[in-house]
There are 2 protein chains.
Amino acid sequence: MEIAETNCSHKNHTQGDCIKSILPVKDALEVLSGKWKLPIIISLMFGNKRFSQIAKEIPGITDKMLSKELRDLEANCLVKRSVYDAIPVVVEYSLTDYGHTLKPVIEVLRVWGTTHRERIMGRVELAVQD
Amino acid sequence: MEIAETNCSHKNHTQGDCIKSILPVKDALEVLSGKWKLPIIISLMFGNKRFSQIAKEIPGITDKMLSKELRDLEANCLVKRSVYDAIPVVVEYSLTDYGHTLKPVIEVLRVWGTTHRERIMGRVELAVQD
DNA sequence: AATTCAACTATCCTTTGGTATAGTACTTAC
DNA sequence: GTAAGTACTATACCAAAGGATAGTTGAATT
């Protein structure tokens, strides 16, 4: 027997379209995966930093995680590590040009996240407030 | 002793600016976390779907994961679950209006992911396909 | 001589995310 | 009456992610 008509709107799209969108999104998420990569990148968007400065700016991160994620980001050409042989050796991290191309990604996430936070925090002018 | 001058560019930004950006981005990533949520949302961007249709469009997902993630997304008001009591009961999933607000997020990830994929695949080679 | 700081590395352990596999309730088809 | 499809749920298991804690190297400070 025929299934009743629902308001499905998938009339004429091939499954291929869907996968073509999913794959690059997954690629993007892969390099940004984990709890700390975006925070580190954001921190470096505000300027070059040393290890302990980044650690100070990102609440909760451990040295181990910061070290590991910086290495991952460097391997993906998003972050550059520069060693200056000053009296105590100074290691500075910066975003590469490629790293800076993530700016629109971060910006759109920041904007969406901001309204989402307002939403879940119950910033409802017209409805029930709790 | 003074540390040698490096090309640090963090002259005059307060740490607060950084955290103010990190928090909303983390909020956004939280609702999109995991391997399958974005793929499911993308699939529903192409139209309302039933359980097994979504499963077919997302290679590799198991029933359990699809079921769990759909529940998560519904709890976050991104996805709507509609039950139609047709002869075999039909359950249709759709994006809510709120879910549709993720479109720019997905779009920017798709664009960045596409160029990133070209980059890591070695975009000079046009002949090789996989 | 002991302490501190910077920039890490190492080890252990717990939690979470995800997979594999199977099973359920209902109904239509053969 | 056996099979197949739909929309799931349940149980067991495993690997990766991440946290806690401690140690290292070398120079500088007290």
Side-chain angles (χ1 to χ4, degrees), chain A residues 1-6 8 10 22 26 29-41 43-44 48-76 79-94, chain B residues 1-6 8 10 22 26 29-41 43-44 48-76 79-94:
Chain A
M1 182 182 271
E2 272 296 302
I3 287 167
E5 269 299 312
T6 67
C8 286
H10 52 275
I22 289 174
K26 283 184 124 177
L29 290 183
E30 204 162 312
V31 294
L32 306 175
S33 68
K35 194 172 172 182
W36 303 113
K37 290 202 191 74
L38 259 312
I40 291 168
I41 291 168
S43 167
L44 292 176
N48 305 352
K49 304 249 168 65
R50 290 197 277 146
F51 189 88
S52 50
Q53 291 179 306
I54 303 172
K56 252 173 248 154
E57 294 209 338
I58 302 176
I61 197 169
T62 61
D63 281 2
K64 178 198 163 181
M65 277 297 115
L66 180 52
S67 172
K68 178 191 170 294
E69 299 296 58
L70 281 170
R71 262 183 279 123
D72 279 9
L73 291 169
E74 199 190 352
N76 277 304
V79 161
K80 177 152 175 273
R81 183 178 186 269
S82 312
V83 181
Y84 298 94
D85 56 346
I87 317 301
V89 70
V90 165
V91 182
E92 187 182 82
Y93 294 92
S94 54
Chain B
M1 183 182 270
E2 273 296 302
I3 287 168
E5 270 298 313
T6 66
C8 286
H10 53 274
I22 290 174
K26 281 184 125 177
L29 289 183
E30 205 162 312
V31 294
L32 306 176
S33 68
K35 193 173 173 182
W36 303 112
K37 291 204 191 68
L38 259 312
I40 291 168
I41 291 168
S43 167
L44 292 176
N48 305 350
K49 304 249 168 66
R50 292 197 276 147
F51 189 87
S52 51
Q53 290 179 307
I54 304 172
K56 251 173 249 156
E57 293 209 339
I58 302 175
I61 197 168
T62 62
D63 281 2
K64 182 198 164 183
M65 276 297 114
L66 180 51
S67 172
K68 178 190 170 291
E69 299 296 56
L70 281 170
R71 264 182 277 124
D72 279 9
L73 292 169
E74 200 190 350
N76 278 305
V79 161
K80 179 152 174 274
R81 183 179 186 269
S82 313
V83 181
Y84 299 94
D85 54 347
I87 317 299
V89 70
V90 165
V91 182
E92 186 182 83
Y93 294 92
S94 54

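Model, not experiment: these values are computed from the prediction. Within every chain, numbering begins at 1; the chains are lettered A, B, ... in the order of the sequence lines, protein sequences first and strands thereafter. Below, all heavy atoms of this structure are taken into account, side chains as well, without hydrogens, waters or symmetry copies.
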Less than 4.0 angstrom between a side-chain N/O of [X] and OP1 or OP2 of [N], yes or no?
X: B:R50; N: D:dA7; result: yes
X: B:R81; N: D:dC8; result: yes
X: A:K68; N: C:dT9; result: no
X: A:Y84; N: C:dA6; result: no

To the nearest Å, give me how far apart [atom1] ([X]) and [atom2] ([N]) are.
X: A:I40; N: C:dA7; atom1: CD1; atom2: C1'; value: 14 Å
X: B:I58; N: C:dG18; atom1: CD1; atom2: C1'; value: 15 Å
X: A:Y93; N: C:dA6; atom1: OH; atom2: P; value: 14 Å
X: A:E69; N: C:dC8; atom1: CD; atom2: P; value: 14 Å
X: B:D72; N: D:dC8; atom1: CG; atom2: P; value: 14 Å
X: A:E74; N: C:dA7; atom1: CD; atom2: P; value: 15 Å
X: B:K35; N: C:dT19; atom1: NZ; atom2: C1'; value: 9 Å
X: B:L29; N: C:dG17; atom1: CG; atom2: P; value: 14 Å

Can you name the residues that form a side chain to side chain contact (heavy atoms under 4.5 Å, CB included) with [X], not counting sequence neighbours?
X: B:R71; value: B:S67, B:K68
X: A:S33; value: A:K37
X: A:T62; value: A:K64, A:M65
X: B:L29; value: A:L38, A:L109, B:V25

Side chain of A:R71 only, please: which of C:dT9, D:dA7, C:dG18 is the nearest?
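Nearest listed nucleotide: C:dT9.
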Choosing from C:dG18, D:dT6, C:dC8, which nucleotide comes nearest the side chain of B:S52?
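Given the options C:dG18, D:dT6, C:dC8, the side chain of B:S52 is closest to D:dT6.
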Shortest non-hydrogen contact between A:V91 and A:R50, atoms and distance
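Closest pair (atom of A:V91, atom of A:R50, distance): O-CG, 3.3 Å.
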Listed by chain and number, what are the salt bridge (Lys or Arg N to Asp or Glu O under 4.0 Å) partners of A:K35, not counting sequence neighbours?
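For A:K35, no residue satisfies salt bridge (Lys or Arg N to Asp or Glu O under 4.0 Å) once neighbours in sequence are set aside.
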Interface residues of residues 59-67 of chain A with DNA chain C (non-hydrogen, below 4.0 angstrom)
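Result for residues 59-67 of chain A: A:D63, A:K64, A:S67, sorted by number.
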Find out whether B:V79 and B:Y93 are in side-chain contact, i.e. whether some heavy atom of one side chain is under 4.5 Å from a heavy atom of the other.
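Yes, close enough: below the 4.5 Å cut-off.
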